[in-house]
Every structure is written in structure tokens, then in C-alpha cells.
Amino acid sequence: MINIVLFGKPGAGKGTQAEFLKEKYNLTHLSTGDIFRFNLKNDTELGKKARVFMDNGELVPCEVTTAMLIDEVKKHPDTAGFLFDGYPRTINQAEALDKFLPTIGSSVTATIALEADDEILVARLLERGKTSGRADDQDEEKIRVRYQEYNEKTAPLIGYYKEQNKFHAVDGIGTIEQITERLTSVIDNL
Ligand SMILES: Nc1ncnc2c1ncn2[C@@H]1O[C@H](COP(=O)(O)OP(=O)(O)O)[C@@H](O)[C@H]1O
């Protein structure tokens with residue numbers, strides 16, 4: 001089983017690249033952002049718990065997110081592997097994943113970060129906000145909160161995975177195809 005964690009700031013292109021990578025490597029794509037948005041749209045209990053945080057650009061509490069993620073993983077017992085997109089986003093979540101995966105005889109294979117400058121990313125998000133309907137993409141203030149959340153809570157994961165020799169970085173600026181190629185070459189050399 002191969003488990004890849006796609007890592008990057010909001011707007012870095014995780015979702016776009018995940019679409020290609022899941023096909024190429026036959027992986028199950030789990031995007032916590034997408035799962036939350038699905039629950040918001042359908043007004044489920046989970047959606048109700050997540051809405052305030054998401055709308056403000058804050059992280060949803062870890063217990064809620066981790067329970068949801070584990071539920072999703074368990075739905076795919078026969079998969080060739082997972083492509084985690086948007087999870088883990090805190091050290092607490094990374095530890096939870098490292099504790100959970102061995103219970104299904106697995107572990108994180110590698111973390112790949114898509115890197116890009118904040119200015120480029122904020123512009124991308126505002127552009128996406130024009131069509132995505134996402135409340136958190138339409139307001140520069142909320143985007144700023146997401147970057148703050150990233151810097152405070154998510155960035156420390158770089159050190160966490162470096163210590164395990166599982167961290168790889170890829171330049172996230174270029175055409176979609178170029179970036180897919182860069183990611184593919186990292187995965188092929190794992
Ligand atoms: N692992 C997570 N832990 C807590 N909250 C999360 C997590 N993943 C997604 N969310 C919530 O869903 C929102 C949107 O997620 P996503 O689409 O992945 O964001 P982005 O485009 O900012 O990377 C986040 O701002 C957060 O509120």
C-alpha cells in the first residue's frame with residue numbers, strides 16, 4: 001500500500017494535482033475539504049459542526065476531522081493506497097494518522113509539498129472564489145485567516161515529516177502538466 005500526503009498552502013493546487021495522481025497510481029483520493037463541503041451542502045450533523053469554522057477560514061476541531069477521516073479510510077479496505085489531501089493539517093492530526101495507519105497494516109509512504117509564494121496563491125484563491133461559490137475564497141480577510149492557520153498549525157508538519165525522512169518539496173509554479181510531472185518523478189523514485 002502506498003500512502004501519499006499532499007501538502008501545501010491554500011490554493012497551492014493540491015486538488016487539481018490529486019485528480020491526475022489518483023488515476024495514475026490508482027489511489028483513493030481523500031480530500032477533507034471536499035468531504036466537509038459535501039456535508040455542508042447536505043446539511044448533515046458533521047456539516048453543522050464544521051460550518052462556522054470553515055466559513056471563517058479556521059480549522060475544524062481535530063477530533064471531528066480525525067474521526068471523519070478514519071471513517072473514510074475504513075470505507076476502502078481493498079484500495080492500493082490513499083492520496084491524503086488536506087489531512088493532516090496539524091501535528092496532532094499527523095500523530096493520529098501515524099497511530100491509526102498501523103492498525104490497518106499501513107503507514108505514510110511520503111509527504112509531498114507543493115510550494116508557491118503567498119501573493120500568487122492569494123490571487124489564485126480570489127480568482128477561484130469568483131466561480132467556486134466557496135465563502136472562504138471570496139474574502140481576503142478569510143484567506144488571511146487560512147494562511148495564519150497554515151503558518152501556525154500546518155507548517156510545523158514540515159519538520160515532523162523531515163524527521164521521518166518522508167518530506168519532499170516540489171515547485172508549484174508552472175503549468176498543471178509540468179507540476180504533475182514533478183510530482184510523478186518524486187513518487188516514481190520513492
Ligand atoms: N485536516 C483538517 N483539519 C481541520 N479542518 C480542515 C481540515 N481539512 C479541511 N478543513 C476545513 O475545510 C476548509 C477547506 O479545506 P480545503 O478545501 O482543503 O482548503 P484550502 O483550499 O484552504 O487548502 C479548511 O479551511 C478547514 O476549515
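Just so it is clear, the values below take in all heavy atoms, side chains as well, and ignore hydrogens, waters and symmetry mates. As the structure is a prediction and not an experimental result, all values here were calculated from the model. In listed order, ligands and their atoms are each counted from 1.
- The number of heavy-atom neighbours closer than 6.0 Å to NZ of Lys162, taken from other residues, nucleotides and ligands shown, is 12 or below.
- A side chain to side chain contact (heavy atoms under 4.5 Å, CB included) with Thr90 is found for one member of Thr65, Leu157, Thr66, Leu59 and no other, namely Leu59.
- Nearest protein heavy-atom neighbour of atom 8 (N) of ligand 1: Thr32 OG1, 2.7 Å.
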- Given the rule in the salt bridge (charged side-chain N to carboxylate O under 4.0 Å, His left out) test, do Arg144 and Glu141 qualify, once you have shown the distances and angles that lead to the verdict? CA-CA 5 Å; Arg144 242 169 20 88; Glu141 187 68 20; 3.1 Å; yes
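- Looking only at heavy atoms of the protein, atom 6 (C) of ligand 1 is closest to Phe36 CE1, 3.8 Å.
- The protein non-hydrogen atom at the shortest distance from atom 22 (O) of ligand 1 is Arg146 NH2, 2.9 Å.
- In the hydrophobic clustering of ILVMFWY residues, with side-chain heavy atoms under 4.5 Å counting as a link, Phe38 and Val64 come out apart.
- Glu149 does not count as a contact of ligand 1, since none of its heavy atoms falls under 4.0 Å from the ligand.
- By the 3.5 Å distance cut-off applied to N or O atoms, Arg134 is counted among the residues near ligand 1.
- Nearest protein neighbour of atom 15 (O) of ligand 1, counting heavy atoms only, is Gly33 CA, 3.5 Å.
- Remark: among candidates Lys9, Arg89, Lys14, the nearest residue to atom 20 (P) of ligand 1 is Arg89, based on non-hydrogen atoms.
- At a heavy-atom cutoff of 4.0 Å, ligand 1 is contacted by both the backbone and the side chain of Leu59.
- A salt bridge is absent between Asp71 and Lys74: the closest approach of a Lys/Arg side-chain nitrogen to an acidic carboxylate oxygen does not fall below 4.0 angstrom.
- Atoms of ligand 1 found under 4.0 Å from any heavy atom of Thr65, numbered from 1 in the order shown, are 1 (N), 2 (C), 3 (N), 4 (C).
- Closest heavy-atom approach to atom 1 (N) of ligand 1 within the set Gly8, Pro61, Gly86, Gly13: this belongs to Gly86.
- For atom 13 (C) of ligand 1, the closest heavy atom belonging to the protein is Met54 CE, 3.7 Å.
- Here the heavy atom of the protein found nearest to atom 5 (N) of ligand 1 is Val60 N, 3.0 Å.
- Protein heavy atom closest to atom 3 (N) of ligand 1, with residue, atom name and distance, is Gln93 NE2, 2.9 Å.
- Tyr160 and Asp98 are linked by a side-chain donor-acceptor pair at a separation below 3.5 angstrom, with hydrogens and angles left out of the test.
- The minimum heavy-atom distance linking Leu114 with Gln17 is given by the pair CD1-CG, 4.1 Å.
- For Glu181, the CD atom counts as loosely surrounded, since its 6.0 Å shell holds 12 or fewer non-hydrogen atoms of other residues, nucleotides or ligands.
- Every atom of ligand 1 with a heavy atom of Tyr87 under 4.0 Å away is listed here by number and element: 1 (N).
- Between the choices Lys142, Arg37, Arg128, the shortest heavy-atom distance to atom 21 (O) of ligand 1 belongs to Arg128.
- Contacts with ligand 1 closer than 4.0 Å are made by no heavy atom of Lys153, backbone or side chain.
- Checking side-chain atoms of Arg124 against main-chain N and O of Gly11 turns up a donor-acceptor pair under 3.5 Å.
- No donor-acceptor distance shorter than 3.5 angstrom exists from the side chain of Glu149 to the backbone of Glu58, with no hydrogens or angles considered.
- Of the protein's heavy atoms, Glu58 O, 2.6 Å lies nearest to atom 27 (O) of ligand 1.
- Among all heavy-atom pairs drawn from Ala50 and Val60, the shortest one is CB-CG2, 3.9 Å.
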